[in-house]
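Okay, structure first, notes after.
Starting from 1, each residue takes its place in the sequence as its number.
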Amino acid sequence: MTSMPPEERIGAHVKRAEQALLAAKNTALKPAGVTVPQYAALLWLAEKPGISAAALSRLCGVTPPTMNTVLKNLQERGFIERTPHEWHRNVLETRLTEEGRTVMEQADTGAVRVERALAAAFSAEERERLIALLGRCAEVLDTLK
């Protein structure tokens, strides 16, 4: 017997929700031919063209080595281009190509459909409360690092 029953562990419930969200998004992104991490990178690149891989990894919540793999795959498929920064030659700026923008927009349609279905399961007040509670979870866990 453990000192805390599994059904009382908040982390298990958060993980279950995360896994369900990732599964739904993977299904929604399949027609666009990208994974959730690839989509996240494309989405942020649409918002922040020229961003570095390190900054992109932080925004996407993955490690820098994982982001480098994601970017390598996206570059090989012609969805992004990477060029040396004008002043900092050891920093590569990353931008979407036209093909990358098209794929991102197709993927975004599926991802937004998932997000809207999830949001529709809650009232406006419940959504605000859930976002606040998840934010509090993150804050508490950040202090334990």
Side-chain angles (χ1 to χ4, degrees), residues 6-145:
E7 61 273 3
E8 292 179 16
R9 296 176 187 225
I10 294 171
H13 296 284
V14 171
K15 183 66 175 178
R16 183 170 174 252
E18 177 192 30
Q19 289 173 328
L21 177 61
L22 289 175
K25 281 199 176 175
N26 272 319
T27 298
L29 297 174
K30 194 169 277 193
V34 294
T35 64
V36 172
Q38 290 170 340
Y39 163 69
L42 293 172
L43 183 65
W44 279 110
L45 286 168
E47 292 292 317
K48 298 180 176 290
I51 192 171
S52 71
L56 190 57
S57 71
R58 286 188 293 277
L59 289 171
C60 293
V62 299
T63 64
T66 297
M67 183 51 64
N68 282 329
T69 300
V70 167
L71 293 176
K72 180 178 179 258
N73 291 331
L74 292 173
Q75 189 171 19
E76 287 172 356
R77 294 177 68 191
F79 297 162
I80 63 167
E81 58 187 11
R82 303 182 79 194
T83 56
H85 187 276
E86 185 178 342
W87 302 306
H88 306 287
R89 291 292 179 197
N90 57 343
V91 173
L92 292 176
E93 293 183 320
T94 307
R95 289 184 167 69
L96 294 177
T97 62
E98 284 304 313
E99 186 178 0
R101 184 166 302 284
T102 299
V103 168
M104 187 281 301
E105 289 170 357
Q106 181 185 6
D108 196 47
T109 298
V112 167
R113 194 169 45 250
V114 170
E115 292 286 350
R116 286 192 174 140
L118 180 58
F122 300 95
S123 69
E125 296 82 22
E126 288 172 326
R127 284 191 302 273
E128 287 179 24
R129 184 77 176 139
L130 179 58
I131 290 166
L133 290 170
L134 290 170
R136 190 182 328 159
C137 287
E139 289 170 10
V140 167
L141 295 170
D142 284 344
T143 67
L144 302 176
K145 290 180 185 176

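- Atom CD1 of I51 and atom CD of E93 lie 11.0 Å apart (nearest 0.5 Å).
- Between atom CZ of residue R9 and atom CD of residue E7 there is a gap of 9.5 Å, rounded to the nearest 0.5 Å.
- Across all non-hydrogen atoms, the minimal contact from A53 to M67 is O-CG, 3.7 Å.
- Judged by distance alone, the side chain of R127 and the main-chain N or O of A119 form a donor-acceptor pair under 3.5 Å.
- One finds the OG1 atom of T94 at 15.0 Å from the CH2 atom of W44 (value rounded to the nearest 0.5 Å).
- A donor-acceptor pair under 3.5 Å is absent between the side-chain atoms of H13 and the main chain of E8, judged by distance alone.
- Other residues, nucleotides and ligands place no more than 12 heavy atoms under 6.0 Å from the CD atom of E98.
- Residues Q106 and P31 come closest through the heavy atom pair NE2-O, 3.3 Å.
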Stepwise side-chain contact (heavy atoms from CB on, under 4.5 Å) check, L74 with L96
CA-CA 9 Å; L74 292 173; L96 294 177; over 6 Å; no
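- Annotation: side chain of R77 is in contact with side chain of V34 (closest heavy-atom distance under 4.5 Å).
- Legend: residues meeting salt bridge (charged side-chain N to carboxylate O under 4.0 Å, His left out) with E125, ordered by chain and number and at least two apart, are absent.
- For the pair L43/M104, a side-chain contact is recorded, criterion being any heavy-atom separation below 4.5 Å from C-beta on.
- Across A28 and G110, no two heavy atoms sit closer than the pair CB-O, 3.4 Å.
- Distance check, rounded to the nearest 0.5 Å: OG1 of T97 to CD of Q75 gives 10.0 Å.
- Here the shortest heavy-atom pairing between P64 and S57 reads CG-OG, 3.8 Å.
- Side-chain contact between L71 and L56 is present, with at least one heavy-atom pair separated by less than 4.5 Å.
- Residues in residues 102-115 take part in these salt bridge (charged side-chain N to carboxylate O under 4.0 Å, His left out) pairs, two or more places apart or across chains: K25-E115.
- To the nearest 0.5 Å, the span separating SG on C137 from CG on L130 amounts to 9.0 Å.
- With sequence neighbours excluded, the residues satisfying salt bridge (charged side-chain N to carboxylate O under 4.0 Å, His left out) with K15 are E18.
- Looking at heavy atoms from C-beta onward, P84 lies in side-chain contact with L92 at the 4.5 angstrom threshold.
- Open room surrounds CD on E47; 12 or fewer heavy atoms of other groups in view lie less than 6.0 Å from it.
- Of the residues L29, V70, V103, the one that meets the side chain to side chain contact (heavy atoms under 4.5 Å, CB included) test with Q38 is V70.
- Rounding to the nearest 0.5 angstrom, the gap separating the CG atom in L22 from the CG atom in N26 is 6.5 Å.
- Counting heavy atoms of neighbouring residues, nucleotides and ligands inside a 6.0 Å radius, atom CZ of R129 does not exceed 12 of them.
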